[in-house]
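Remember, predicted model here, so these are calculated numbers, not experimental data.
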Amino acid sequence: FFNYGVASLDTQAPVTEDTLFEIGSVSKIFTSMLGTHADIVGKLSLSDHPGKYLSELAGSPLDRATLLNLATYTAGDLPLQFPDTVGSDAEAPSYFAQFKPGAAPGEQRRYSNPSIGLFGHITALAMEDDFSDLVRETLFAPLGLESSYIDVPETAMERYAWGYNSENRPVRVNPGIFDAEAYGVKSTAADLIRLVRANIHPDGLDGTMRQTVEATQIGYFKAGEMVQGVGWEQYPYPIPLDRLLAGNSRTMAMEANAATELVPPLVPSEPTLFNKTGSTAGFGAYVAFVPDANVGVVILANRNYPIPARVTAAHAILTELAD
């Protein structure tokens, strides 16, 4: 672990590997894992349609998509964020029921909090429990992630860093629609390295958890330089920096991109780099690993540094480690 700076400008508490950071959209990995777990234990199928679990969506245009489409952002042009007219989780089903997709399922990949949020919400419905409780009990505990939370308990608040926005003001993430499912996890470098280790060496996990982890490494759609799985995004390795930057570009995050379904789905048999970025107003995160090279890196900051800077740093670290 290499730690720099402070968790709070006020207290000057130093950052350590046990400092809690908001990991933003890296949280989507846990939502995806919960969904693959539910599939493996028979609570749902990724080929199901959302209306099977949410009656408001039955027969709606969005119901033509599958849960796999929701998990891979290919359900039909769902936007990056919910519109301001949606004020609570309870109002989300009506929004989805009235949504008119701009593309057929599988034609476009458009990165979307509502898409993964609905996938996580339906997973919890299928498993008949609260989403946050399910993530804690089904994923955090079995993986040994003892300092990962959706709701940070009082006993851990002193380790929760303050993020700093562009004006250098202290901020923390605000509640939002399906925030737990899309960007709500707070974690540490130590815990996320445990997650990376589990992904590099899933053979060390018990049967169901091993299948859960391995399922997130299967590729289903290709968009530009990147292959999208249920969770991780992947690339052939070694990969030039410009291709990795293209796959993590603003264009990929903010715009609809043509998608090609991989039939059959891509089960990696060649060296592959897996990655995921995450941001909130005051935090930035990046996780990347290459199982065949036995290397991985986690970058956490309590400032939202530009994604190209994070990717460039991680690429240099992984290249050095793999040599």
Side-chain angles (χ1 to χ4, degrees), residues 1-5 7-8 15-35 71 73 80-81 111-113 116-117 119-120 131-132 134-136 138-141 143-153 156-157 159-165 170-176 178-199 213 216 229-233 248 253 274-289 296-307 309-311 313-314 317:
F1 297 97
F2 298 86
N3 300 306
Y4 306 89
S8 165
V15 166
T16 76
E17 57 266 32
D18 296 316
T19 299
L20 282 166
F21 289 82
E22 294 171 9
I23 65 172
S25 286
V26 177
S27 307
K28 292 177 171 65
I29 297 300
F30 295 107
T31 302
S32 301
M33 288 178 66
L34 189 65
Y73 318 108
L80 177 63
Q81 306 289 2
Y111 190 63
S112 168
N113 283 340
I116 195 71
F119 177 68
F131 178 84
S132 296
L134 285 165
V135 170
R136 183 180 64 251
T138 307
L139 303 177
F140 291 165
L143 289 169
L145 309 186
E146 299 179 353
S147 290
S148 295
Y149 311 99
I150 291 175
D151 300 305
V152 180
M157 286 299 292
R159 294 190 289 114
Y160 186 0
W162 280 98
Y164 289 87
N165 64 18
V171 293
R172 284 179 176 156
V173 69
N174 292 319
F178 290 160
D179 53 348
E181 293 86 346
Y183 53 85
V185 174
K186 296 83 181 173
S187 190
T188 67
D191 266 12
L192 291 181
I193 282 293
R194 293 184 183 99
L195 176 68
V196 167
R197 183 186 295 122
N199 275 271
V213 168
T216 65
V230 179
W232 300 109
E233 300 155 6
N248 287 281
F274 299 88
N275 81 173
K276 186 70 189 76
T277 62
S279 304
T280 61
F283 291 83
Y286 184 59
V287 178
F289 58 92
V297 62
V298 171
I299 297 176
L300 300 176
N302 53 342
R303 187 182 294 278
N304 187 350
Y305 289 106
I307 288 175
R310 302 178 223 167
V311 173
I317 293 167

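Note: I299 CD1 to R310 CZ = 9.0 Å, rounded to the nearest 0.5 Å. One finds the CG atom of N302 at 8.5 Å from the OG1 atom of T19 (value rounded to the nearest 0.5 Å). Interatomic distance, T277 OG1 to I307 CD1, rounded to the nearest 0.5 Å: 4.0 Å. A distance of 6.5 Å separates CD1 in I29 from OG1 in T216, rounded to the nearest 0.5 Å. The CG atom of L195 sits 8.0 Å away from the CD1 atom of I23 when rounded to the nearest 0.5 Å. Rounding to the nearest 0.5 Å places OH of Y286 at 10.5 Å from CD1 of I317.
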Which donor-acceptor pairs under 3.5 Å do the side chains of residues 180-187 make with protein atoms, sequence neighbours left out?
unit_1, atom_1, unit_2, atom_2, d
K186, NZ, I150, O, 2.8
K186, NZ, G184, O, 2.8
S187, OG, S148, OG, 2.7

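Contact detail for A7 and Y164: the closest heavy-atom pair is O-CE1, 4.4 Å. The minimum heavy-atom distance linking A288 with N275 is given by the pair CB-CB, 3.9 Å. Among all heavy-atom pairs drawn from V171 and A281, the shortest one is CG2-C, 4.2 Å. Of all heavy-atom pairs spanning T280 and G24, the tightest one is CG2-CA, 3.9 Å.
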- Task: Check step by step if side chain to side chain contact (heavy atoms under 4.5 Å, CB included) holds for F283 and V173.
- Result: CA-CA 9 Å; F283 291 83; V173 69; over 6 Å; no
- Message: Quick one, K28 with N113, criterion side chain to side chain contact (heavy atoms under 4.5 Å, CB included). Give me CA distance, side-chain angles, the key distance, then yes/no.
- Response: CA-CA 9 Å; K28 292 177 171 65; N113 283 340; 2.6 Å; yes
- Item | Chi angles and distances behind the side chain to side chain contact (heavy atoms under 4.5 Å, CB included) call for I116, Y111 | CA-CA 9 Å; I116 195 71; Y111 190 63; over 6 Å; no
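The backbone N or O of V135 lies less than 3.5 Å from no partner atom in the side chain of T138, so there is not a single donor-acceptor pair. In terms of modelled atom types and a separation under 3.5 Å, the side chain of N165 and the main chain of G282 share no donor-acceptor contact.
F289 and F274 have parallel rings, their planes meeting at less than 30° on a 0 to 90° scale where 60° marks the start of perpendicular.
Put simply, the side chain of V298 does not reach to within 4.5 Å of the side chain of F21, judged on heavy atoms. Considering only heavy atoms from C-beta on, I193 stays 4.5 Å or farther from E17 through its side chain.
For T188, the side chain to side chain contact (heavy atoms under 4.5 Å, CB included) criterion is met by L20, S147, R159, A190, D191, not counting sequence neighbours. Partners of P153 under the side chain to side chain contact (heavy atoms under 4.5 Å, CB included) rule, at least two apart in sequence or in another chain, are Y149, T155, A156.
Proximity of the aromatic rings of F178 and F131 is defined here by a centroid distance below 6.0 angstrom, and this criterion is not met.
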